[in-house]
Amino acid sequence: MSLTTFRTEAAGGGASLTKVTVPSLLEKKMLHRPIAAVTAYDYASARLVDEAGLDFVLVGDSLAMVMQGQENTLAITMDEMLLYTRGVRRGVRRALVVSDMPFGSYQVDAREGVANAVRFVKEAGAEAVKLEGGRERAELVKRIVDAEVPVMGHIGLTPQSVHRMGGYKVQGKTMAAIDELRADALALEEAGAFAIVLEGVPRELAKVVTEELRVPTIGIGAGPECDGQILVLHDMMSMTFAAPAKFVRRYADVAGVMLGALNEYKADVEARRFPADAESYHLSQETRELMEMKVGAGE
Ligand code: KIV
């Protein structure tokens, strides 16, 4: 057993699992083993993600869009993020659970940012938090890490900056932007971030940043040279209703399967094919006869 992993007994079954930890993700980078992650927002999906053996599950603030149908991620609150994180936490035993700090929970005041990061661990069982931004967040990242909460950085296309960016646009395309992104990544690593999400950046730049860092990079729309990859669960399962971004690969048509099942159910109900007798509860013979006598006698 490596120093950075530990064995934990699976509840009930007695099987053993290798728990993913912050150090074990760092170890994966050293061993050049890719890290696979997805988002999840509820108990059932989180259980499946864990069973599939993904390394970490992100309770992303993307839930504002894919779970709540909001236009962007900005309105989601701390209380909502804690609620969704608790459901995911109950579904996961092996993967690392990382929660997104919502917009406004860390940008205004550093003390409040540290306190909110601690809330994710204490009140919802998260094992790490993710926050957006580069050099401007380095001091805060250090303070949160000093408070014993591991931090994942997130640079490049940062959805909480949608108004400043003027939309969801690929970042790091000019020499000035390249220099800034590299400096941001190094500042976050120096501040103690254990991994950094690179979102919406050119593949060539993500490769350079990945080589320059000791901590793993987790790419989303950042090419194959990142140390790991993450996708939004609803995107990869075709559970979103707009055209997918270029970087999304659709692994299943869950919306199609659900729609087919719902149409079939509706037709069965309308044709009285559902429920069948086998799907119904029955009285005992004796009670049934008594009831029929009573009803027959007009009682
Ligand atoms: O909120 C989210 O789902 C994310 C991922 C896109 C990395 O931040």
Side-chain angles (χ1 to χ4, degrees), residues 1-8 16-40 48-58 60 92-98 100 126-132 134 138 141 145 150-158 170-172 178-233 235-236 245-249 251:
M1 186 174 72
S2 117
L3 275 180
T4 55
T5 58
F6 66 90
R7 309 294 280 181
T8 181
S16 64
L17 302 168
T18 304
K19 176 79 180 83
V20 180
T21 62
V22 164
S24 73
L25 290 181
L26 291 163
E27 194 173 86
K28 274 200 136 180
K29 168 146 186 159
M30 286 194 302
L31 297 172
H32 303 291
R33 292 205 186 124
I35 295 167
V38 289
T39 64
L48 296 174
V49 169
D50 201 44
E51 199 173 314
L54 278 289
D55 291 298
F56 73 86
V57 45
L58 173 70
V92 171
R93 284 180 293 141
R94 178 185 172 277
L96 190 82
V97 176
V98 183
D100 247 342
E127 293 160 297
V129 295
K130 176 169 82 56
L131 55 83
E132 297 181 8
V141 169
V145 173
V151 177
M152 181 176 285
H154 182 160
I155 54 177
L157 192 171
T158 45
V170 175
Q171 303 293 302
I178 289 169
D179 289 344
E180 291 202 358
L181 196 113
R182 289 173 64 202
D184 284 341
L186 289 169
L188 290 171
E189 175 175 272
E190 179 69 18
F194 73 94
I196 299 176
V197 170
L198 300 179
E199 178 169 355
V201 298
R203 172 179 180 173
E204 299 78 10
L205 173 56
K207 180 173 186 288
V208 167
V209 172
T210 299
E211 287 165 359
E212 284 177 338
L213 294 182
R214 281 172 284 112
V215 298
T217 57
I218 310 296
I220 175 163
E225 282 87 10
C226 295
D227 298 300
Q229 298 292 331
I230 186 163
L231 280 176
V232 169
L233 191 70
D235 286 342
M236 65 182 288
K246 177 182 183 174
F247 61 82
V248 171
R249 188 179 294 177
Y251 282 86

Could you list the residues that satisfy side-chain contact (heavy atoms from CB on, under 4.5 Å) with [X], not counting sequence neighbours?
| X | answer |
| --- | --- |
| E212 | R182, V208 |
| E127 | K19, R89, L96, V97 |
| V248 | D235, P244, A245, R250 |
| L231 | M236, F247, Y251 |

Side chains of [X] and [Y] in contact at under 4.5 Å (non-hydrogen atoms):
| X | Y | answer |
| --- | --- | --- |
| V49 | V92 | no |
| I230 | F56 | yes |
| L213 | L186 | yes |

What are the two closest heavy atoms between [X] and [Y], and how far apart are they?
| X | Y | result |
| --- | --- | --- |
| A138 | A187 | CB-O, 4.0 Å |
| I178 | G172 | CG1-O, 3.5 Å |
| I196 | A185 | CD1-O, 3.4 Å |
| V170 | P202 | CG1-CD, 4.0 Å |
| A95 | L54 | CB-O, 3.5 Å |

For residues 186-200, pull every pair meeting side-chain hydrogen bond (donor to acceptor under 3.5 Å, both in side chains), keeping only residues two or more places apart or in separate chains. H154-E199, E189-R214
Roughly how far, to the nearest 0.5 Å, is NZ of K130 from CG of D100? 3.5 Å
Approximate separation, where rounding is to 0.5 Å, of I155 CD1 and E180 CD: 11.0 Å
Test your reading of the model: is there a side-chain donor-acceptor pair from T39 to the backbone of L58, 3.5 Å cut-off? no
Do any N or O atoms from the side chain of R94 and from the backbone of E51 form a donor-acceptor pair under 3.5 angstrom? no
Salt bridge (charged side-chain N to carboxylate O under 4.0 Å, His left out) with D50: which residues, sequence neighbours excluded? none
Ignoring hydrogens and angles, write down the donor-acceptor pairs under 3.5 Å from the side chains of residues 215-222, residues two or more places apart or on other chains.
unit_1: T217; atom_1: OG1; unit_2: T210; atom_2: OG1; d: 2.7
unit_1: T217; atom_1: OG1; unit_2: D227; atom_2: N; d: 3.1
unit_1: T217; atom_1: OG1; unit_2: D227; atom_2: OD2; d: 3.4

Who passes side-chain hydrogen bond (donor to acceptor under 3.5 Å, both in side chains) against [X], sequence neighbours left out?
| X | result |
| --- | --- |
| D55 | K28 |
| E225 | R203 |
| R33 | none |

